S.K.: 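Provided herewith is a single structure, encoded as structure tokens, for subsequent inquiry.
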Number of protein chains: 2
Amino acid sequence: MNQYIQPSASTASSRIYDILRKDLVGGRFAAGEKLAINALKEQYQVGLSPLREALNKLAAYGLLIQENQRGFRVPTLSRDELDDIAQMRLALEVMAFEQAIVRGDSAWEADLLAAEHRLKCADMTLDKDDEWERLHTQFHRTLVAPCGSVWLLRFIEQLHDQFDRYRRLGPKMPVIRQELDQQHHELVELALKRDAETARKLLDDHIRKSYDVALQCFLEHG
Amino acid sequence: MNQYIQPSASTASSRIYDILRKDLVGGRFAAGEKLAINALKEQYQVGLSPLREALNKLAAYGLLIQENQRGFRVPTLSRDELDDIAQMRLALEVMAFEQAIVRGDSAWEADLLAAEHRLKCADMTLDKDDEWERLHTQFHRTLVAPCGSVWLLRFIEQLHDQFDRYRRLGPKMPVIRQELDQQHHELVELALKRDAETARKLLDDHIRKSYDVALQCFLEHG
DNA sequence: CTCAGCTAAATAATCGATTTTTTATTTATA
DNA sequence: TATAAATAAAAAATCGATTATTTAGCTGAG
């Protein structure tokens with residue numbers, strides 16, 4: 001097949017990795033649950049080798065626990081860990097956002113406006129929930145994207161996934177969500193104004209509010 | 001076999017992972033090099049499945065690049081990335097060390113003294129170099145161990161591995177190393193005195209000096 | 001009744017072979 | 001001579017079966 005049209009096909013292994021990552025973050029598996037590999041094979045219609053390779057990657061990424069000779073299990077949840085994750089998000093995302101405000105160019109400004117608009121629109125159609133999650137992740141990714149540090153972005157992404165395991169335990173909370181959505185808008189405004197100091201404070205507050213939501217989810221449904 | 005004596009055996013996959021991680025950090029493979037899986041199989045006397053699982057984990061960890069349908073390669077080195085890694089080390093390790101000084105108990109103090117002593121002694125016998133590397137890593141791990149954040153420790157460990165890919169490009173530099181060793185000693189002293197402010201500054205300086213070493217290694221041998 | 005030791009079943013890990021895709025080489029064509 | 005298509009060789013990914021280890025169920029001694 002033409003190389004230009006299909007520069008490099010994906011593999012079964014990378015496909016199942018993406019799917020499992022999404023399902024683990026989305027809470028499709030119970031915390032602490034032991035994964036039955038044969039069942040997964042059937043459920044996801046995938047061979048053993050690609051499945052195991054994906055599970056190995058997810059374990060290295062932190063979305064699974066691998067125990068020698070006894071397979072893979074979903075990490076348990078704890079308040080201590082949620083606190084840890086939230087604290088780290090606070091430190092790293094604020095750091096990244098400050099840098100992004102310094103370094104981001106006009107293309108970034110456009111990306112921000114676009115990401116916020118997409119998120120707001122998706123919010124209207126409440127049925128497609130996975131789509132909202134995707135756009136929400138994308139929005140926060142855009143916020144810090146031009147921070148200049150590949151490793152910082154990598155860590156932030158990882159923490160987001162971990163954080164969402166908690167946040168997505170419970171149902172949506174319309175009241176608080178509206179408040180958070182309002183902050184999304186304000187964050188973009190402050191970024192465009194390059195008001196680093198106020199932006200820092202607002203992102204700090206935004207993450208704290210998100211933490212409150214996630215904590216409530218954990219206490220009620222974890 | 002008795003479960004108490006052998007709580008859970010290791011797997012071929014985890015063993016080869018440890019070995020490859022060490023070899024990748026130690027610079028046994030050239031930066032940018034494409035890994036010939038069949039050659040590795042023979043070199044390390046390991047089967048294809050455990051090898052591939054290890055490579056997948058290393059890719060998720062950041063010590064390999066995985067490209068769909070075209071295997072694994074060793075990440076290239078660049079000054080930009082070295083700067084990024086050093087900056088992140090600075091931010092995260094200082095943060096962790098400050099917390100460790102607040103939270104570390106007397107057991108930590110003992111661990112610190114022990115780790116520093118072991119490192120100093122290993123330094124005498126210059127022939128066993130891998131051993132020095134192991135003890136050096138262990139020393140820095142001990143420094144931040146009681147910081148209270150599992151995720152922070154995880155990120156720091158990852159950055160250390162990345163940083164060492166640069167630092168270990170070149171030969172040992174006795175003069176600067178002696179200076180760094182002296183700082184190891186002072187770091188322990190300040191930790192025991194719980195002098196957070198001075199400790200912070202010294203660790204900052206220590207990492208900057210290490211960066212200078214790594215940068216020189218990269219410019220001369222990368 | 002409890003618990004250690006044994007056996008059977010289930011599961012995890014690994015192997016060897018096959019299939020798919022990429023890369024290198026050749027051949028034909030403008 | 002350069003380019004593109006066709007073919008051959010190499011390498012990556014996956015499959016199906018085997019081996020090793022753990023887990024669950026059983027049995028009998030204390």
Side-chain angles (χ1 to χ4, degrees), chain A residues 1-21 23-24 29-30 32-76, chain B residues 1-21 23-24 29-30 32-76:
Chain A
M1 196 177 282
N2 190 316
Q3 196 195 334
Y4 185 72
I5 293 171
Q6 289 281 7
S8 90
S10 74
T11 59
S13 170
S14 69
R15 281 193 300 274
I16 188 65
Y17 173 84
D18 289 338
I19 293 169
L20 280 172
R21 176 179 161 185
D23 288 348
L24 283 163
F29 300 94
E33 176 183 351
K34 175 165 181 181
L35 295 187
I37 296 196
N38 279 344
L40 289 182
K41 244 181 55 171
E42 303 224 331
Q43 244 187 282
Y44 291 95
Q45 283 296 300
V46 68
L48 182 61
S49 308
L51 176 58
R52 283 191 59 91
E53 292 190 4
L55 295 176
N56 271 279
K57 270 193 284 201
L58 289 163
Y61 183 67
L63 281 174
L64 286 177
I65 304 292
Q66 184 169 24
E67 289 168 296
N68 278 344
Q69 308 287 12
R70 48 196 72 174
F72 299 85
R73 55 176 59 253
V74 181
T76 55
Chain B
M1 194 178 282
N2 191 314
Q3 196 194 335
Y4 185 71
I5 293 170
Q6 289 283 7
S8 90
S10 75
T11 60
S13 171
S14 70
R15 279 192 301 273
I16 189 65
Y17 172 84
D18 289 337
I19 293 169
L20 281 173
R21 176 179 159 184
D23 289 347
L24 284 163
F29 300 94
E33 177 184 351
K34 175 164 180 181
L35 295 187
I37 296 197
N38 279 344
L40 288 182
K41 242 181 59 171
E42 304 223 331
Q43 245 187 281
Y44 291 94
Q45 283 297 301
V46 68
L48 181 61
S49 309
L51 176 58
R52 283 190 59 90
E53 292 189 4
L55 295 176
N56 271 280
K57 270 194 284 200
L58 288 163
Y61 183 67
L63 282 173
L64 287 176
I65 304 291
Q66 184 169 23
E67 287 169 297
N68 278 344
Q69 308 285 14
R70 47 194 74 174
F72 299 85
R73 55 176 60 254
V74 181
T76 55

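All values reported here derive from a predicted model rather than from experimental measurement. Just so it is clear: chains get the letters A, B, ... in the order the sequence lines come, proteins before strands, and each one is counted from 1.
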S.K.: Can you name the residues that form a salt bridge (charged side-chain N to carboxylate O under 4.0 Å, His left out) with Arg21(A), not counting sequence neighbours?
M.R.: Glu157(A), Asp161(A)
S.K.: Got a sec, which pairs hit side chain to side chain donor-acceptor pair (under 3.5 Å) with one end in residues 37-46 of chain A, sequence neighbours left out?
M.R.: Asp23(A)-Tyr44(A)
S.K.: Can you list everything that forms a side-chain contact (heavy atoms from CB on, under 4.5 Å) with Ser14(B)? Sequence neighbours excluded, please.
M.R.: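 With neighbours one apart ignored, the set is Asn68(A), Ser10(B), Thr11(B).
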S.K.: In whole Å, what is the span from the CD atom of Glu42(B) to the P atom of dA11(D)?
M.R.: 12 Å
S.K.: Going 5' to 3' through nucleotides 7-14 of chain C, assign each nucleotide B (protein heavy atom under 4.0 Å from a base atom), S (under 4.0 Å only from sugar-phosphate atoms) or - (no protein heavy atom that close).
M.R.: -----SSB
S.K.: Quick one: list whatever passes salt bridge (charged side-chain N to carboxylate O under 4.0 Å, His left out) with Glu33(A), sequence neighbours left out.
M.R.: none
S.K.: Determine which pairs satisfy salt bridge (Lys or Arg N to Asp or Glu O under 4.0 Å) with at least one residue from residues 45-54 of chain A, sequence neighbours left out, and list them in order.
M.R.: Arg52(A)-Glu53(B), Glu53(A)-Arg52(B)
S.K.: For the pair made of CG in Leu40(B) and C1' in dA12(D), what is the distance, rounded to whole Å?
M.R.: 13 Å
